[in-house]
Protein chains: 2
Amino acid sequence: MMSAAAARTDGPANFSWVNPAVPASERHLETHEPLVHEGDDTHYFYEVLEGIVSSYKIFADGRRQIVSFAFPGDLIGFSQGNTYRYDCEAIAPSRVRALPKTSLLRSIRERPEIGEKLLALAAAEVAYFEDHSINLGRKSALERIASFLLNIIERAGFGDAESVKLQLPISRLDMADFLGLTIETVSRSMTKLRTRGIIELPQTTTLVVSNMDRLRDLAECDEECP
Amino acid sequence: MMSAAAARTDGPANFSWVNPAVPASERHLETHEPLVHEGDDTHYFYEVLEGIVSSYKIFADGRRQIVSFAFPGDLIGFSQGNTYRYDCEAIAPSRVRALPKTSLLRSIRERPEIGEKLLALAAAEVAYFEDHSINLGRKSALERIASFLLNIIERAGFGDAESVKLQLPISRLDMADFLGLTIETVSRSMTKLRTRGIIELPQTTTLVVSNMDRLRDLAECDEECP
DNA sequence: CGTGAGGTTGATCGCTTTCAACGGAGGTGG
DNA sequence: CCACCTCCGTTGAAAGCGATCAACCTCACG
């Protein structure tokens, strides 16, 4: 089994390449501490260095949908126009680096390869959303959970392992609001995965996937008897 | 009431700016005619000139999810890596222009503003998917339909009108597979909008929105009694 | 040891799906 | 010209999955 500590030796990608001359200030965020609010001017992009930052929308009647999770290496804000379209807040203790938007965009003119890199990043994000919309549109609760866990595992670099153990610092509520479900359904799906022998949950934040193949089958909707 | 014919006088955006020297060949597509298949090499991007092209995934058990509709002015393929991740086909008679991928990307080096323009395009696409994931994750069937119709209307440039009449060359099945619903639910939702006096359907492909405000309320989930 | 937040489990409800029948528009051939 | 057929959309009845309401559990923390 691979352990989470072993993989990230290379560390996440970072945007120091953007422009060494650009002033970039770091900021620490506690769990549930907001980073930006809907309507804020997009003066800065934020690179996540540590932790997880969510962006979400809350309806007038209280419904909430988490639009995305930003993990270390991810960039927040470039999909926005002049103002942020969603609230963003940390869902775990996090560290972010603020990058002035204007100087980042200006540097594209001087160094086209930056534009290319940002374009690749944007393309990856579009691809991610395409897959996610398939999850939300056509997969059952159990399949969504399986897809989500698998995706977390792949992002952490354990996609090829047969079994995996890692920390999952995402609450049931956050998972639910990201996957378009309720906490109860998330909880029940996790138990179902557990009783089927696909995962173990020593603690609620520790995830052990003992059978990656069956998790993949579920996520890809290739399961014989769902 | 605004009519559909009146608005598009300026015509859709196009990519002739990319590189006049780039050979770009046009292609006509009949309804249901495939453009690319999952796994195809991404040799070309395609700009939609006319009609609507869908990209979608079909599961082993027959479930289908349409990931996106590409309207005139939209670019297909830049979210992909070296191979297309989804099937694409026309859902209405369409015309597309093939743009060689390599020369398009090479031109970024020579003319950084092209990278900027593509980046803006990608950002808009991400923003679109963010909103769509809210639709799929948290909105009811009726609210999804309302959001979808409103979005079509806004794309056509009638977002500010009080009432609108336009052609809707998208079948119930395509709407259903895009919104994560079934044809029956789409049909029932459309009749519900009709009986509530929000829309009229002279023919199944002709949409008249008589009360844009109430459509907006529904789409934004601000309705008093849903 | 009390308290509160987060998670699990059970019972019931309701929206969407599923299964089924019907209707209208367009096309084809007798 | 009309019978027939097929495709697409609509409507009805029943079933099912996830939501809702509610109780209980666990653990961290004061």
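Here is how names work: the chains are called A, B, and so on, in the same order as the sequence lines, proteins then strands, and each is numbered from 1. Owing to the predicted nature of the structure, the values given are computational and were not obtained by experimental measurement.
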Quiz item: If you check every side-chain atom of B:Arg172, which of D:dT10, C:dT9, D:dC8 has the closest atom?
Solution: D:dT10
Quiz prompt | Length of the CD-C1' vector between B:Gln203 and C:dA25, whole Å | solution = 11 Å
Self-check item: Whole-Å gap separating C1' (D:dC8) and CE (B:Met190)
Solution: 13 Å
Self-check item: Under 3.5 Å donor-acceptor, A:Asp40 side chain and A:His37 backbone
Solution: yes
Self-check item: Salt-bridge present (A:Asp177, B:Arg138; N to O < 4.0 Å)
Solution: yes
Quiz item: Are any of the side-chain nitrogens in B:Arg64 or B:Asp87 under 4.0 Å away from the carboxylate oxygens of its partner?
Solution: no
Quiz prompt | B:His32 NE2 - D:dC8 P separation (whole Å) | solution = 7 Å
Quiz item: Whole Å only: how far is the CG atom of B:Leu173 from the P atom of D:dT10?
Solution: 13 Å
Quiz prompt | Rounded interatomic separation in angstrom, taking CG from B:Leu201 and P from C:dG24 | solution = 16 Å
Quiz item: Does B:Arg155 pair with B:Asp74 as a salt bridge, N-O distance under 4.0 Å?
Solution: yes
Quiz item: What is the distance, rounded to the nearest whole Å, between atom CG of B:Asp174 and atom C1' of D:dC8?
Solution: 12 Å
Self-check item: Ring centre gap for A:Phe129 and B:His132 strictly below 6.0 Å
Solution: no
Practice problem: Starting at atom CG of A:Leu179, determine the distance to atom P of D:dC17, rounded to an integer number of angstrom. | Solution: 19 Å
Pull out every protein N or O sitting under 3.5 Å from an N or O of nucleotides 14-18 of chain C, one pair per line with the distance.
| unit_1 | atom_1 | unit_2 | atom_2 | d |
| --- | --- | --- | --- | --- |
| C:dT16 | OP1 | B:Ala141 | N | 2.8 |
| C:dT17 | OP1 | B:Gly180 | O | 3.4 |
| C:dT17 | OP2 | B:Thr182 | N | 3.4 |
| C:dT17 | OP2 | B:Thr182 | OG1 | 3.2 |
| C:dT17 | OP2 | B:Thr185 | OG1 | 2.4 |
| C:dT18 | O4 | B:Arg188 | NH2 | 2.9 |

Self-check item: Short N-O contact, B:Glu26 and B:Arg95, less than 4.0 angstrom
Solution: yes
Practice problem: Using atom CD1 of A:Ile170 as one end and atom C1' of C:dG6 as the other, report the distance to the nearest whole Å. | Solution: 15 Å
